[in-house]
Student: 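Following this message is one structure expressed as structure tokens.
In this chain, residues are counted from 1 in sequence order.
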Amino acid sequence: MNSAPSQSPTPENETTGRDRILTIPNLICLFRMVGSGGLFLLAIAGWRYYFVGFFLLLSLSDWIDGKLARWLNQRSDLGARLDSWADAAMYAGLLGGAWFLSRQVLQQEAVWLAIGLGSYALTSGFGFWKFRRVPSYHTYGAKITQWIALVAGVFLVLEWSTWPLRIAAIAVAITNLEATAISMVLKDWRADVLTLFHVWPHDRKIKPRGER
């Protein structure tokens, strides 16, 4: 840590951002969380293409809030948790809506869905057991998997092909296994861990944000 605060304005700005709750990225996360309920309404109404369009809009908001958090120095542990909750709500809306729109396809792909959902339950359950919080790592693997899941969701709802869903299930399982390994390695809860190698080995010193 620097002893002279005047020589490190960037960390000070980052600290200010971490203390704020009502930031633009957090508001976008809240929009995605609340808006995920709209997916159910569109699916119940049978509006398949509106459902896909709104799902793409929510997915775009996930990309935008991450970019704005970095550009505006508004990254925070609360924001990381909100982002994870909003993502969970969005994918719950996707699966719930797909159940109304493409129930037969979902039933046929139950094994692949079980792989993805089971790995997520394992990661979340282990993280909550160890830290009393659900993990919010946002790894590189998770970011890639989100794009795969986006394609899989569109193909699933429009009933074009089930192969993207199967690929997404495998990607989700691999990503969640890495997240579980990260939880095993970390001594304390931490947000935004890019890969397992960023916290391995177990006794590696974890530097505060802003230090290199």
Student: Enumerate donor-acceptor pairs with a distance under 3.5 Å from any side-chain N or O in residues 88-106 to protein atoms, sequence neighbours excluded.
Tutor:
residue	atom	partner	partner atom	Å
S102	OG	R48	NH1	3.2
S102	OG	L156	O	3.4
S102	OG	V157	O	3.4
S102	OG	E159	OE2	3.2
R103	NE	W99	O	3.3

Student: Using side-chain contact (heavy atoms from CB on, under 4.5 Å), reason through I170 and I115 one step at a time and then give a plain yes or no.
Tutor: CA-CA 7 Å; I170 295 173; I115 291 174; 5.8 Å; no
Student: Is there a chain of hydrophobic side chains (I, L, V, M, F, W, Y, each step under 4.5 Å between heavy atoms) that links V185 to V193?
Tutor: yes
Student: Rounded at 0.5 Å granularity, tell me how far CD1 in I24 sits from SG in C29.
Tutor: 12.5 Å
Student: Working to the nearest 0.5 angstrom, can you tell me the gap between L122 CG and L177 CG?
Tutor: 7.0 Å
Student: Counting only N and O atoms by type, is there a donor-acceptor contact under 3.5 Å from the side chain of E178 to the main-chain atoms of G141?
Tutor: no
Student: Got more than 12 heavy atoms from elsewhere within 6.0 Å of CH2, W47?
Tutor: no
Student: Pairing donors with acceptors under 3.5 angstrom, does anything connect the side chains of T195 and T139?
Tutor: no
Student: Assess the residue pair T23 and L72 against the criterion (side-chain contact (heavy atoms from CB on, under 4.5 Å)); give the C-alpha distance rounded to whole Å, side-chain angles, the decisive distance to 0.1 Å, and a yes or no.
Tutor: CA-CA 9 Å; T23 64; L72 300 176; over 6 Å; no
Student: V34 and L42: same hydrophobic cluster, using ILVMFWY side-chain contacts below 4.5 Å?
Tutor: no
Student: With a cut-off of 6.0 Å (strictly less than), are more than 12 heavy atoms of other residues, nucleotides or ligands near OH of Y50?
Tutor: no
Student: Taking all non-hydrogen atoms of both residues, which atom of L58 and which atom of F31 are closest, and how far apart?
Tutor: CD2-CE2, 3.9 Å
Student: Is it the case that the ring center of W129 lies less than 6.0 angstrom away from the ring center of F126?
Tutor: yes
Student: Is it the case that the side chain of S119 and the backbone of G116 share a donor-acceptor pair, with hydrogens and angles ignored and the cut-off at 3.5 Å?
Tutor: yes
Student: State the OG-CG distance between S36 and L41, to the nearest 0.5 angstrom.
Tutor: 11.5 Å
Student: Under a 4.5 Å side-chain heavy-atom rule over Ile, Leu, Val, Met, Phe, Trp and Tyr, are L60 and W147 clustered together?
Tutor: yes
Student: First locate atom CZ of F155, then atom CD1 of I167, and finally report the distance between them rounded to the nearest 0.5 Å.
Tutor: 10.0 Å
Student: For the backbone of L186 and the side chain of K130, can you confirm whether one donor and one acceptor N or O come within less than 3.5 Å of each other?
Tutor: yes
Student: From F197 CZ over to I182 CD1, what is the distance, rounded to the nearest 0.5 angstrom?
Tutor: 10.0 Å
Student: Taking the basic N atoms (NZ, or NE/NH1/NH2) and the acidic carboxylate oxygens, is any pair closer than 4.0 Å for D87 and R32?
Tutor: yes
Student: Output, in order, the C-alpha distance, side-chain angles, deciding distance and verdict of side chain to side chain donor-acceptor pair (under 3.5 Å) for Y137 and S84.
Tutor: CA-CA 9 Å; Y137 299 135; S84 296; over 6 Å; no
Student: Do you know which two heavy atoms are closest between P135 and S183, and how far apart they sit?
Tutor: CG-OG, 3.9 Å
Student: Is it true that a side-chain atom of T162 and a backbone atom of L165 form a donor plus acceptor pair closer than 3.5 Å?
Tutor: no
Student: For V172, does its backbone N or O pair with a side-chain atom of N176 as donor and acceptor, under 3.5 Å?
Tutor: yes
